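To start, the structure itself, in structure tokens.
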Amino acid sequence: MNVAIIVTSLNSGGAERIAGLLSKELSKKYNVYLFLLDTTDIVYDYEGTIVDVGQSGPFYEYPIRKYKKLYNIEVAISFLEIMNFANIRSRGKERVIISERCVQSLIEPPFVSQTEKIKRYYDFADEIIACSEGVKYDLIKNYGIGSAITTIYNFIDKEKIYRLSRKGLPEEIAQFLGESKFFLNIGRLHEQKNQRRLILQFKIFRETDFNDTKLLILGSGLLLESLTAYIDELELENYIKIISYAENPFTFISHANSLILSSHYEGLPNVLLEAMLLGCPIIATDCLAGPRELLNDEFDYEKKYPKIEICKRGILVCDDKSEDYADTQYLARAMEIICKGEIRKEICKNQIQYMESYTNKKLIHKWVEAIEKKERKETDVLVAERCLLEEAKHIVIYGAGLVGKTCYLRLKDTFKIDSFIVSEWNDTNTKLFGIPICDISSFKAKATETAVIIGTGDIYQDEILDRLHREGFWNIVFPDIAPLSLDYYSDNEELDIQKELLIWAKLYLNEKADMIHPKTYNEKIQWLKLNDSTPIKSILADKVAVREYIQEKIGERYLVPLLGVWNSFDEINFDTLPTKFVLKCNHGSGMGVLVYDKTQIDYKKIKRQFDSWMQINYEYMSGFEMHYAGIKHRILAEVMLETEDGSDLKDYKVFVFHGKVKLIQVDLDRHHEHRRNLYTPEWEYLPYTILYPTAPEIVVERPECLEELIHLAEHLGEGFIHVRVDFYVLKEKIYFGEMTFTHGSGTEPFIPEKFGYEMGAWMDCS
């Protein structure tokens, strides 16, 4: 069976660590693929095949859907909310399992869009795995989730914890502690973890007979500065130390007098499992969720506990606001109880007994049971949202930017869109694609019969949903639309290229762009994409295949020396390459690296980059440059061309129209302040701008080989309506760069605008 584990990364975070451990266990039984948004700096153990989904948020479902099909995924398991949403929305024939790791309802400030999507999406999952009964309780009570929810606790690496716990404390910490016992708190420095309350209650505790006890806080986060200042304010700097990072927290746990968890909310705190494994007494707030389950086998979250409850495996303390101001002192009292030692022995014995029966084998058995289930829901979230649109009397799109416009252009032939709406809009005469842009209030009276399509990215959705709800809009759709997504196009088996190119051009040029009777340079580039993608262009766009063409057409002496060609990164033998070279993919633009010293490069990082590039269908990368389709993806290395003084290598981009050179472009200082000068074939400076600003103060000398450049470009451009031929000139020796048939994909702005029309007139597209 092919199983996908979908998570953001494997470089930080509790959910990510659990995903890695799950992959190790499942790999013993299944073919496991880890779908990651970020494949860099992997620190957690894992097993299986890494799949680089790419950081294409917020539209993660497109690459995820593509890779689910590519690897024939039968069960897809996701961790963390954004990945859960994408897993559900990208659903095909596979069984979808999502994992919820935290109590969502108590997050402050609340994420409105996340709440909306949990309520809207989670019931479409085939199964939900909650990391604790408290998380399950939260999903049912506060989000109305009715799907099957199974509780499976977190894995724990007992052997590793035992091994690391035997090491001594760092010398600096040992000196700080001296002979003192210490309490320990582990967690990021965040309001959720509430270390501020702990610091205040510790000050109160020090007024007892145990005033030599100290407190260590292991954690990093935004509150480091304010918590440090608070410690100083309370004059506790000699008794409390914040350790921003600890590679081995287990040695701290094994030496601590007690572990204290002061959180407002959790999921299932792993640190409690680790403390119990090492027999370290625990004090924990009775927060939702986890502590009462682990410390007292109590799963009823409606049950009210006393302010201090001595449990089987630790002490629970109420999570009252009064504790934050020392109006009550329950946490300080719990510290005193632990220090008196009367219950320590019994707590430690119970902890160790509990952890003896807590095994990864039992947990993985539950995961396998969930994976092996055959039940699968037939309902689909995208179908449900389409039904909502079909039933609505009015449909509006919230947002008039790129995402909103894309929504309109994709949906206009299926649904009647009444309006674009925004939060505030006073100009009632403004229209976009012929329909009005209105203030949200103009539809308030029709709110109950109006469906609102969210036409913005994630960053604005909390504010938008909050406003919509206040105005009475509840029929909300998050459409199955990504703005011009590479993965959307690659994944679409019935792609209408002409229709999609028209959408793309209207978004990136303007809504009035004329593709039928083109006049401007950019419009005619779009026309060429549809009507002139001849097979020879695919050969010439291939950075490997074009070399043979250049050799036959103008001669091998114009080629940059080739060092090697490979079908994959893994085939490259770097030992055979010189210290400096250029490494690039052959099937598109912008997919290469300059290697100045191969002994200093990060091979893993470069491999991940090239493995990602090799998966790209470049024809869909930027506006349907279809002559890139069908190119066999390869990697090539060439000799690095360098000037003696280290300055930018001169790159002459020669624009050829119907076999005649009309324009030469020279790019300047591309790595710092990119500017671009334009010249006639007679080397007269043109005060025009194409995308980048011109640099009239920089005098680019007429190259001595100009006539040869023009001759070569015109010879190579014979038979084409338009091509841009690039050359490098080094010590007056000419090297061929590439042939480009769709400069800037036909989107670069012209200043003045009339120059775009002038260049368009150089092309006969009749």
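The shown structure was predicted, so the numbers you read here are calculated from the model rather than taken from an experiment.
Checked by atom type and distance alone, the side chain of Arg547 pairs as donor or acceptor with a backbone atom of Val560 at under 3.5 Å. A donor-acceptor pair under 3.5 Å is absent between the side-chain atoms of Ser23 and the main chain of Gly48, judged by distance alone. The main-chain N or O of Ile631 is never found under 3.5 Å from a side-chain atom of Asp542 such that the two would form a donor-acceptor pair. A donor-acceptor pair is defined here as one N or O able to donate and one able to accept, closer than 3.5 Å; no such pair exists between the side chain of Gln526 and the backbone of Leu501. One N or O on the side chain of Asn87 and one on the backbone of Ala76 form a donor-acceptor pair closer than 3.5 Å. Counting only distance, with no hydrogens or angles, the side chain of His633 and the backbone of Trp613 share no donor-acceptor pair below 3.5 Å. Distance alone, capped at 3.5 Å, places no donor-acceptor pair between the Trp566 side chain and the Ala637 backbone. Judged by distance alone, the side chain of Asn677 and the main-chain N or O of Ala695 form a donor-acceptor pair under 3.5 Å. Here the side chain of Lys68 pairs no donor or acceptor atom with the backbone of Glu94 at under 3.5 angstrom. Under the 3.5 Å distance criterion, the side-chain polar atoms of Lys632 are left unmatched by any main-chain donor or acceptor of Asn567.
Lys543 and Glu638 are not joined by a salt bridge, as no carboxylate oxygen comes within less than 4.0 angstrom of a charged side-chain nitrogen. For Lys607 and Asp570, the salt-bridge test passes: some basic side-chain N is under 4.0 Å from an acidic carboxylate O. A salt bridge between Glu697 and Arg675 is present, with a side-chain N of the basic residue lying under 4.0 Å from a carboxylate O of the acidic one.
Side-chain contact, Lys93 with Asn72: no donor N or O sits under 3.5 Å from an acceptor N or O. Thr694 and Tyr685 share a donor-acceptor pair across their side chains, judged by distance under 3.5 Å alone. Side chains of Thr643 and Lys650: a donor-acceptor N/O pair is absent below 3.5 angstrom, by distance only.
Residues that satisfy the side chain to side chain contact (heavy atoms under 4.5 Å, CB included) test with His743, not counting sequence neighbours, are Tyr521, Phe655, Gln665, Arg676, Ile690, Arg724, Glu748. Contacts of Tyr692 classified as ring-ring contact (aromatic ring centres under 6.0 Å, His included), with partners at least two apart in sequence or in another chain: His674. In terms of the side chain to side chain contact (heavy atoms under 4.5 Å, CB included) criterion, residue partners of Ile435 (sequence neighbours excluded) are, by chain and number, Tyr408, Ile417, Phe420. Residues passing the side-chain hydrogen bond (donor to acceptor under 3.5 Å, both in side chains) test with Thr680, sequence neighbours excluded: Glu682. Every residue two or more places apart in sequence or in another chain that forms a side-chain hydrogen bond (donor to acceptor under 3.5 Å, both in side chains) with Glu707 is listed here: Arg702. Contacts of Phe574 classified as ring-ring contact (aromatic ring centres under 6.0 Å, His included), with partners at least two apart in sequence or in another chain: Phe569, Tyr603.
Counting non-hydrogen atoms of other residues, nucleotides and ligands closer than 6.0 Å to CG of Leu691 gives a total above 12. For NZ of Lys754, the number of neighbouring non-hydrogen atoms (other residues, nucleotides, ligands) closer than 6.0 Å is 12 at most. Annotation: Gln498, atom CD; neighbour count of heavy atoms from other residues, nucleotides and ligands within 6.0 Å does not exceed 12. For Tyr460, the OH atom is loosely surrounded, since the number of other residues' heavy atoms within 6.0 Å does not exceed 12. Environment of CD in Glu556: sparse, with no more than 12 heavy atoms of neighbouring residues, nucleotides or ligands closer than 6.0 Å. Within 6.0 Å of CD on Glu548 lie no more than 12 heavy atoms contributed by other residues, nucleotides or ligands. Other residues, nucleotides and ligands place more than 12 heavy atoms under 6.0 Å from the CD atom of Glu732.
For Glu16 against Leu10, the heavy-atom pair with the smallest separation is O-CD2, 3.4 Å. Between Ser612 and Asp52, the closest heavy-atom pair is CB-OD2, 3.9 Å. When all heavy atoms of Cys585 and Phe610 are compared, the pair lying nearest together is SG-CD2, 3.7 Å. Among all heavy-atom pairs drawn from Thr747 and Asn522, the shortest one is N-OD1, 3.5 Å. Among all heavy-atom pairs drawn from Val654 and Ala713, the shortest one is CG1-CB, 3.6 Å. Taking all atoms of both residues into account, the shortest heavy-atom contact from Phe478 to Glu385 is O-OE1, 2.7 Å.
Distance check, rounded to the nearest 0.5 Å: OH of Tyr71 to CG of Asn31 gives 12.0 Å. Atom-to-atom distance recorded for Cys765:SG and His722:NE2 is 10.0 Å, nearest 0.5 angstrom. Taking NZ of Lys537 as the start and CE of Met626 as the end, the distance is 13.0 Å to the nearest 0.5 Å. Atom CD of Gln609 sits about 10.0 Å away from atom CE of Met591, to the nearest 0.5 Å. Atom CD1 in Ile50 sits 4.5 Å away from atom CG in Leu34 (nearest 0.5 Å).
A 4.5 Å side-chain heavy-atom check between Val403 and Thr456 finds every atom pair outside the cut-off. Put simply, the side chain of Ser78 does not reach to within 4.5 Å of the side chain of Phe85, judged on heavy atoms. Between Thr742 and His627, the closest side-chain pair of non-hydrogen atoms falls below 4.5 Å.
For an aromatic pair to be called close, the ring centres must be under 6.0 Å apart, and Tyr67 with Tyr33 fails this.
Under the side-chain contact (heavy atoms from CB on, under 4.5 Å) rule, Tyr652 has a single partner from Leu706, Ile710, Asp667, Val729, which is Val729.
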Worksheet item: How far apart are the C-alpha atoms of Glu708 and Tyr558, what are their side-chain angles, what is the distance that settles it, and do they pass the side chain to side chain donor-acceptor pair (under 3.5 Å) test?
Response: CA-CA 11 Å; Glu708 187 179 3; Tyr558 294 106; 2.5 Å; yes
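Aromatic ring orientation, Phe624 versus Tyr620: perpendicular (interplanar angle above 60°, classes split at 30° and 60°).
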